[in-house]
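Heads up, the thing below is written out as structure tokens.
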Amino acid sequence: MTHPQAGGRGPSDDPARPRSRRAPFLEWLRPGVDGRVRAFGGLPIHQALAIVRTSGSGVAALFVTSLLGFVFWWVAARAFSPADVGVAAAAVAAMALLARLAAAGIGTVLAGELAARRTPPASLLIPALATAATIALALGIAFAAVAPLIAPALGVLASNPLIVVGFGIAVALTATGYVLDQAAVGLLLGGLQLFRNVAFAVGKLVVVAVAAASALAGGLTITAAWVAGEVIALVALLAVIPRPILGRSPVHWGILRDMRREVAAHHVLNLARFAPSLAMPVIVATEFSAEANAVFYVAFLLAAAIQPIASSATFTLYAVARRNPEDLARQIRLTLALSLAGAIPAIAILWLFGAALLGLFGARYAADSSMLLLPLALLALPMIVKDHWIALVRIKGTITRGAVLTILAMVVEIGGAVAGGLVGGLDGLALGWLLAASANAVFQAPLVIRNARYGAAGHRESVQNA
């Protein structure tokens, strides 16, 4: 039996044992038993910095895109009719949903493989982008062709073949940007994600401002400005991306085919996670009207900015845990702290100043959207639990079971929102969505809490017996 005094590992040095609540704050920055400098409750400082830096870049990207996105829709609301804004909001939401449908699993597997350093970046990045863009193009064209049957407000997408194909290209560009963002997180190069999103936000704002000054009309004009931002962002990223990422490594075109089961499982999991948020504007346009959707989308736009700010650390958790699974418990505690630190102040700010922000869009938006804002903002809290639960499903490799449970959670969320809308209109829809998401979080929280205490299953015992 070894003793701490003899150079052995004492009970307090066990990296899998929860830290004592009495540990002084200054001990949060200390050397570990392996000689590495540790911070944030014993997490190796290089991991803590990787999480904070990559998550911080994601938060900064979301802050810029949300802020400039707010200005984008403010310009649109001032220069275009509510019906045009409603059509554009539904079209943009459909683009995002179809892009996720095309690329969700591909981007996640790409990030995981890059995080685990299993392959040179270019060998997987190029086929991943090509595959995601091709699938997205096909889905976009198919959706535009049948849009009048799905949502009458989007019937303009099928008005002529050029618009149908153009919508397909727009979805492909959106999917490409989504995969590039996930690749940047997998490589722990959050600065690239930040740069691309800033270029996207600035580009689309400039284009819609030009369109407004030119007195152009129609929901498709707003949508085209959004797509132009994606093009500008892609060109800007290609100009600054480090050459080793797109170097001369052999491109393995069949690698995604070999990993198709893993891609499919991640795909279903991601789609089920994001489907309620991405589909909600389309559901509102279908259940109510384009004008009602414009009112809903303005409140949704403000509130939805909180969710990714609160949960941006969870995808970084997946990437870092793939590299260092032995520190999972401490990684989770850090990402939970970062998520709550982002969500709670943002909800408070929106609660205090939301009415004033809505008033910038016009008196009608402020009057009709004010009751929607708080329940939509509070959705960020159950989403923190949900995103940590999903990250753990990926880390532990229980993706198939997790996908099934996430599909059930998706059905509960969408069902709660639709039922609330039928009973209480737009306000009831927002409240029903919040209650359904909170019910899901009650069932997901135990796994998150257990792993925040003890880390990966089986690892605690192996460390203690070392």
Side-chain angles (χ1 to χ4, degrees), residues 15 18-19 21 23 25 27-29 37-67 108 111 115 181-182 184-194 197 273-274 303-350 377-395 437 441 444-445 447-456:
R19 293 280 296 151
R21 294 181 182 178
F25 177 78
E27 287 190 9
W28 279 38
L29 184 59
V37 176
R38 294 176 179 269
F40 301 101
L43 184 66
I45 197 167
H46 72 280
Q47 292 184 40
L49 290 176
I51 292 174
V52 172
R53 183 175 58 249
T54 306
S55 301
S57 296
V59 170
L62 290 165
F63 175 78
V64 173
T65 53
S66 298
L67 177 63
T108 304
D181 285 347
Q182 289 195 305
V185 174
L187 292 167
L188 299 182
L189 296 175
L192 292 179
Q193 179 188 15
L194 174 60
N197 281 273
R273 158 61 182 95
F274 290 103
I306 301 176
Q307 290 186 29
I309 289 174
S311 300
S312 63
T314 56
F315 198 74
T316 306
L317 169 65
Y318 167 56
V320 173
R322 287 293 298 271
R323 298 187 180 192
N324 304 100
E326 69 276 6
D327 290 309
L328 178 61
R330 296 182 179 96
Q331 293 163 357
I332 295 174
R333 291 198 289 270
L334 175 57
T335 56
L336 281 171
L338 292 174
S339 296
L340 291 173
I344 294 175
I347 292 171
I349 290 171
L350 202 58
L378 288 173
L379 274 168
L381 297 179
M383 292 305 170
I384 290 175
V385 178
K386 182 178 184 178
D387 286 337
H388 276 83
W389 183 87
I390 289 175
L392 286 168
V393 165
R394 300 191 202 283
I395 294 164
Q444 294 162 343
L447 179 66
V448 177
I449 295 172
R450 187 163 60 250
N451 279 272
R453 287 174 59 85
Y454 302 117

For residues Ala184 and Leu192, report the shortest heavy-atom separation together with the two atoms involved. CB-CB, 4.2 Å
So do Ile384 and Val448 actually touch side chain to side chain, heavy atoms under 4.5 Å? no
Note: Met383 and Ala437 closest approach over all heavy atoms is CE-CB, 4.2 Å
Heavy-atom distance under 4.5 Å between the side chains of Val64 and Asn197, does that happen here? no
Closest approach of Ile332 and Ala452, non-hydrogen atoms and distance? CG2-CB, 3.8 Å
Can you tell me how far the CG atom of Asp181 sits from the CG atom of Leu194, to the nearest 0.5 Å? 10.0 Å
Taking every non-hydrogen atom, the tightest pair across Ala303 and Ala377: CB-N, 3.5 Å
Quick one: salt bridge (Lys or Arg N to Asp or Glu O under 4.0 Å) pairs with a partner in residues 379-391, sequence neighbours left out? Arg273-Asp387, Lys386-Glu413
Single hit among Ile449, Asn451, Leu317 for side-chain contact (heavy atoms from CB on, under 4.5 Å) with His388: Leu317
